[in-house]
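Because the structure is a prediction, the values reported are computed rather than measured.
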Amino acid sequence: MKIVLHDGSIKEVDQNSTEAFNTLNHSTAHLLAEAVLALYPDAKLSIGPSIEEGFYYDIDFGDTPFSEDDLAPIEKKMKEISARGYDIKYMTMTKAAALEYFKDNPYKVELITNLSDGDITAFRQNDFIDLCRGPHVLNSNLIKHFKLTSVAGAYWRGDSHNKQLTRIYGTSHFSEESLQNYLTLVEERRKRDHRVLGKQLDLFMLSEYGPGFPFWLPNGMVIRTEIENLIKEMLRKYDYQLISTPIVLSKELWETSGHWDHYQKNMYLTHVDEREFAIKPMNCPGAILVYNSTLHSYRDLPVRLAELGLDHRHEASGALNGLFRARAFTQDDAHIFCTSAQLRSEITRCVKFFDEVYSLFHLDYTVELSTRPEKDYIGSVSVWNKSEKILEDAIKKTGKPYEINPGDGAFYGPKLDFKVRDSMNRVWQCGTIQLDMNLPHRFGCSYIDASGNKVEPIMIHRACLGSIERFIGVLIEHFAGAFPLWLAPIQIAILPVNNEFHLRYAKSLKTSLEKLGFRVSLDESEEKLGYRMRNAQMKKIPYTIVIGDNEVTNKTLTYRTYKDKEQVTVPVGDFKKKIKIERDQRKLN
């Protein structure tokens with residue numbers, strides 16, 4: 001297929017390529033914008049990019065209420081415009097002409113004002129013109145198979161100080177079959193909602209007594225404990241030292257770190273003995289105090305301090321989303337103090353750590369290098385530039401592909417963000433490696449080098465899971481609540497066919513499995529076997545064992561795995577050997 005580029009040239013692309021998909025969706029965003037203006041003449045358009053699975057457009061509807069019920073008329077209008085077959089044409093205008101044309105739209109005016117002088121590119125279909133660099137498909141009649149999927153709020157330019165706009169999401173495809181396959185996938189994702197499964201499987205709860213503060217139930221604590229045990233095991237393997245730092249620390253500490261000036265709006269503040277304190281939103285200042293509590297030689301470095309630190313951040317109530325966006329969460333945090341010569345090897349070591357953890361769950365990932373924000377950062381530009389180059393060189397050395405994410409670094413340094421892709425093809429921000437030459441300077445960190453001189457170490461902030469809560473939320477949806485044996489809250493369910501004849505053997509089997517450390521339930525209710533079997537399936541228990549006459553007589557057991565109708569009869573010893581390997585090696589089902 002042919003597309004028109006930002007300079008008006010025509011390019012041939014493979015219709016099955018990512019470039020073609022992104023182009024189609026960007027053109028569909030323009031189609032949406034034209035339809036919106038036809039139905040809402042007073043609406044103000046801002047931006048409408050393509051995204052990984054579709055597109056969105058942020059729109060200011062003014063005082064006009066807007067909800068998902070309003071999507072159907074817009075979609076209908078889009079189909080009408082598409083069917084007319086308008087050519088989509090590249091055009092340019094001077095900056096002055098662009099400002100004049102879009103003078104009634106403050107969002108476009110702001111965008112144009114920030115552009116350098118010279119010609120401004122735009123695209124036109126019918127009488128609709130939008131500020132844009134393209135690319136686009138050549139004609140509106142190529143946009144046939146699309147769906148507007150949802151509505152959300154979004155601040156202009158991502159800044160909460162700006163007006164909140166209405167973001168309309170959609171997706172566009174080259175065939176009806178592809179569109180329907182995607183919508184089926186979306187429906188499957190909906191069924192996997194971790195908030196629904198969390199309630200169904202008794203994993204966690206949410207309460208209005210603590211909005212954004214999850215309560216872990218016994219089943220959920222099993223999963224959480226197993227994840228924490230895994231991380232602690234990995235930390236020992238990679239030579240980290242575990243620490244724990246206070247949750248409440250004084251204002252002076254946060255002033256030194258820069259959080260008081262740059263992050264205070266997201267912090268919970270309190271007074272103790274007439275002094276101001278804050279509940280920690282991050283663990284780094286506490287880790288620095290631990291490092292500074294003793295003298296260090298160059299021979300001690302790198303010092304790797306790890307903490308499962310409970311943090312609190314005041315997130316907007318509208319942004320809260322179960323375990324994905326909470327106000328209290330535990331970071332699998334670590335802070336590495338090292339020399340500049342050790343930086344690349346330490347970053348490579350972190351990537352290897354992440355690789356090992358993510359592969360356990362069959363989670364692929366991509367890497368983004370996030371650079372210095374445009375404003376509200378600490379430290380000099382030269383230090384930032386040096387830090388960014390070190391990070392980029394280090395990730396290049398690992399051979400992992402990466403992309404640049406301009407302006408999205410932390411306020412104290414650039415970072416590598418690790419984005420995992422789950423079984424439903426969704427991308428989640430999990431791990432991060434942040435390079436920091438600023439906080440060690442602000443806190444006066446030092447070590448004695450080989451010549452006896454005091455030298456500032458460089459600090460690496462690093463978290464693999466991001467937060468334990470969020471990562472478990474991702475796993476709930478990744479596995480659809482059907483956890484592998486080692487993670488499952490209940491690993492084995494035992495069902496005696498008839499309590500009078502089979503219960504005693506079932507109880508002895510339960511005891512012997514529990515001695516091996518397995519989590520076992522025994523359903524000795526008088527309900528029919530089929531009902532009890534379905535109940536075990538509803539709880540997504542990995543193994544269900546049925547005990548009847550043959551099993552008691554032959555000292556065997558009959559099991560079936562979750563979602564598998566086939567029943568297998570084996571000697572008890574063989575079953576124990578099988579599940580012990582599966583659990584101890586943390587295999588996936």
Handout entry: Side-chain donor/acceptor of Asn292 to backbone N/O of Phe443, under 3.5 Å
Key = yes
Problem - Any residue meeting salt bridge (charged side-chain N to carboxylate O under 4.0 Å, His left out) with Asp70, in chain and number order, not counting sequence neighbours - result: none
Handout entry: Any Leu435 side-chain heavy atom under 4.5 Å of Leu343 side chain
Key = yes
Handout entry: Closest approach of Pro440 to Met437 (non-hydrogen atoms, all atoms of both residues)
Key = CD-C, 4.0 Å
Handout entry: Ile59 side chain reached by Leu165 side chain, heavy atoms, under 4.5 Å
Key = no
Handout entry: Beyond-backbone contact of Leu185 with Met424, side-chain heavy atoms, under 4.5 angstrom
Key = yes
Exercise for the section: Take the angle between the ring planes of Phe61 and Tyr40 and call it parallel below 30°, perpendicular above 60°, tilted in between. Expected result: perpendicular
Exercise for the section: Evaluate the side-chain proximity of Phe55 to His26: yes if any heavy-atom separation is below 4.5 Å, no if none is. Expected result: no
Completion exercise
Applying ring pair (Phe, Tyr, Trp, His ring centres under 6.0 Å) to Trp156 and not counting sequence neighbours gives Tyr107
Practice task
If the plane angle is over 60° it's perpendicular, under 30° parallel, otherwise tilted; pick one for His30 and Phe128.
Solution key: perpendicular
Fill in the blank from the handout: Per salt bridge (charged side-chain N to carboxylate O under 4.0 Å, His left out), Asp130 is matched among Lys89, Lys108, Arg124 by Lys108
Practice task
For the pair Trp254 (side chain) and Met267 (backbone), establish whether a donor and an acceptor sit closer than 3.5 Å, ignoring hydrogens and angles.
Solution key: no
Handout entry: Basic-acidic side-chain contact under 4.0 Å: Arg189, Glu477
Key = no
Handout entry: Check ion pair Arg426-Glu53 (N to O, under 4.0 angstrom)
Key = no
Problem - Salt bridge Asp104-Lys44, side-chain N to carboxylate O under 4.0 Å - result: no
Handout entry: 4.5 Å side-chain heavy-atom contact, Thr339 and Gln342
Key = yes
Practice task
Give a yes-or-no answer on whether the side chains of Asp436 and His461 include a donor-acceptor pair shorter than 3.5 Å.
Solution key: yes
Practice task
List in chain and number order the residues that pass salt bridge (charged side-chain N to carboxylate O under 4.0 Å, His left out) with Arg372, two or more places apart in sequence or in another chain; answer none if no residue qualifies.
Solution key: none
Practice task
May I ask you to say whether Asp417 pairs ionically with Lys419, meaning some side-chain N is under 4.0 Å from a carboxylate O?
Solution key: no
Handout entry: Distance flag, aromatic centroids of His173 and His145, threshold under 6.0 Å
Key = no
Practice task
Without swapping roles, check the side chain of Tyr291 against the backbone of Ser446 for a donor-acceptor pair under 3.5 Å.
Solution key: yes
Handout entry: Val420 and Cys430: CA distance, side-chain angles, deciding distance, side chain to side chain contact (heavy atoms under 4.5 Å, CB included) verdict
Key = CA-CA 7 Å; Val420 303; Cys430 288; 3.6 Å; yes
Exercise for the section: Would you confirm whether Glu255, through its side chain, and Ser257, through its main-chain N or O, come within 3.5 Å as a donor-acceptor pair? Expected result: no
Problem - Stepwise side chain to side chain donor-acceptor pair (under 3.5 Å) check, Thr121 with His6 - result: CA-CA 7 Å; Thr121 62; His6 66 278; over 6 Å; no
Exercise for the section: Ignoring hydrogens and angles, state whether a donor on the side chain of Thr245 or Glu307 is under 3.5 Å from an acceptor on the partner side chain. Expected result: yes
Handout entry: Salt bridge Glu110-Arg157, side-chain N to carboxylate O under 4.0 Å
Key = yes
Completion exercise
side chain to side chain donor-acceptor pair (under 3.5 Å) filter on Ser340, not counting sequence neighbours, yields none
Exercise for the section: Kindly write out the residues that satisfy ring pair (Phe, Tyr, Trp, His ring centres under 6.0 Å) with Phe324, not counting sequence neighbours, or none if the list is empty. Expected result: His194, Trp428
Problem - From CA spacing to verdict: side chain to side chain donor-acceptor pair (under 3.5 Å), Arg167, Ser150 - result: CA-CA 8 Å; Arg167 176 169 293 180; Ser150 62; over 6 Å; no
Fill in the blank from the handout: Closest heavy-atom pair, Ala20 versus Val13, reported as atoms and distance to 0.1 Å, is CB-CG2, 4.0 Å
Practice task
Could you pull out the closest heavy-atom pair between Phe213 and His312, with the gap in Å?
Solution key: CE2-CD2, 3.7 Å
Practice task
Quick one: sort the Tyr377 and Trp384 rings into parallel, tilted or perpendicular, breaks at 30° and 60°.
Solution key: perpendicular
Handout entry: By side chain to side chain donor-acceptor pair (under 3.5 Å) - contacts of Glu374 (at least two apart)
Key = none
Practice task
Just say parallel, tilted or perpendicular for the rings of Tyr358 and Phe354, cut-offs at 30° and 60°.
Solution key: tilted
Handout entry: Over 12 foreign heavy atoms within 6.0 Å of CD, Glu403
Key = no
Practice task
Show your working on side chain to side chain contact (heavy atoms under 4.5 Å, CB included) between Gln125 and Asp87 and close with a plain yes or no.
Solution key: CA-CA 6 Å; Gln125 59 196 41; Asp87 287 336; over 6 Å; no
Exercise for the section: With the side chain counted from C-beta on, respond yes when Asn105 and Leu45 share a heavy-atom pair under 4.5 Å apart, and no when they do not. Expected result: yes
Exercise for the section: Could you note down all residue pairs passing salt bridge (charged side-chain N to carboxylate O under 4.0 Å, His left out) where residues 13-32 supplies at least one of them, sequence neighbours left out? Expected result: Lys11-Glu19
Problem - Thr330 side chain to Leu308 backbone, donor-acceptor under 3.5 Å - result: no
Problem - Test item: Ser140 side-chain N/O and Tyr86 main-chain N/O as donor-acceptor pair under 3.5 Å - result: yes
Exercise for the section: Would you tell me whether Glu392 and Tyr402 have side-chain atoms, one donor and one acceptor, within less than 3.5 Å of each other? Expected result: yes
Practice task
Sequence neighbours left out, what pairs pass salt bridge (charged side-chain N to carboxylate O under 4.0 Å, His left out) with at least one residue falling in residues 309-326?
Solution key: Glu315-Arg325
Practice task
Any salt bridge (charged side-chain N to carboxylate O under 4.0 Å, His left out) involving residues 349-362? Give me the pairs, sequence neighbours left out, ordered by first then second residue.
Solution key: Lys237-Glu356, Asp239-Arg349, Asp355-Lys400
Handout entry: With sequence neighbours excluded, residues passing salt bridge (charged side-chain N to carboxylate O under 4.0 Å, His left out) with Glu456
Key = none
Problem - Smallest separation among heavy atoms of His136 and Ser27, with atom names - result: ND1-OG, 3.0 Å
Problem - Student check: side-chain heavy atoms of Asp60 and Ser46 closer than 4.5 Å - result: no
Exercise for the section: Identify whether the distance between the nearest side-chain nitrogen and carboxylate oxygen of Glu52 and Arg421 falls below 4.0 Å. Expected result: yes
Exercise for the section: Please check if atom NZ in Lys147 has more than 12 non-hydrogen atoms from other residues, nucleotides or ligands closer than 6.0 Å. Expected result: no
Problem - Any Ile3 side-chain heavy atom under 4.5 Å of Leu5 side chain - result: yes
Problem - Presence of salt bridge, Asp393 and Lys397, under 4.0 angstrom - result: no
Exercise for the section: Evaluate side chain to side chain donor-acceptor pair (under 3.5 Å) for Ser172 paired with Asn25, printing each intermediate quantity in order. Expected result: CA-CA 5 Å; Ser172 189; Asn25 275 276; 4.8 Å; no
Practice task
Mind checking ring pair (Phe, Tyr, Trp, His ring centres under 6.0 Å) for Tyr101 and listing every partner two or more places apart, or none if nothing turns up?
Solution key: none
Exercise for the section: Please identify each residue that fulfils salt bridge (charged side-chain N to carboxylate O under 4.0 Å, His left out) with Lys144, with sequence neighbours left out. Expected result: none
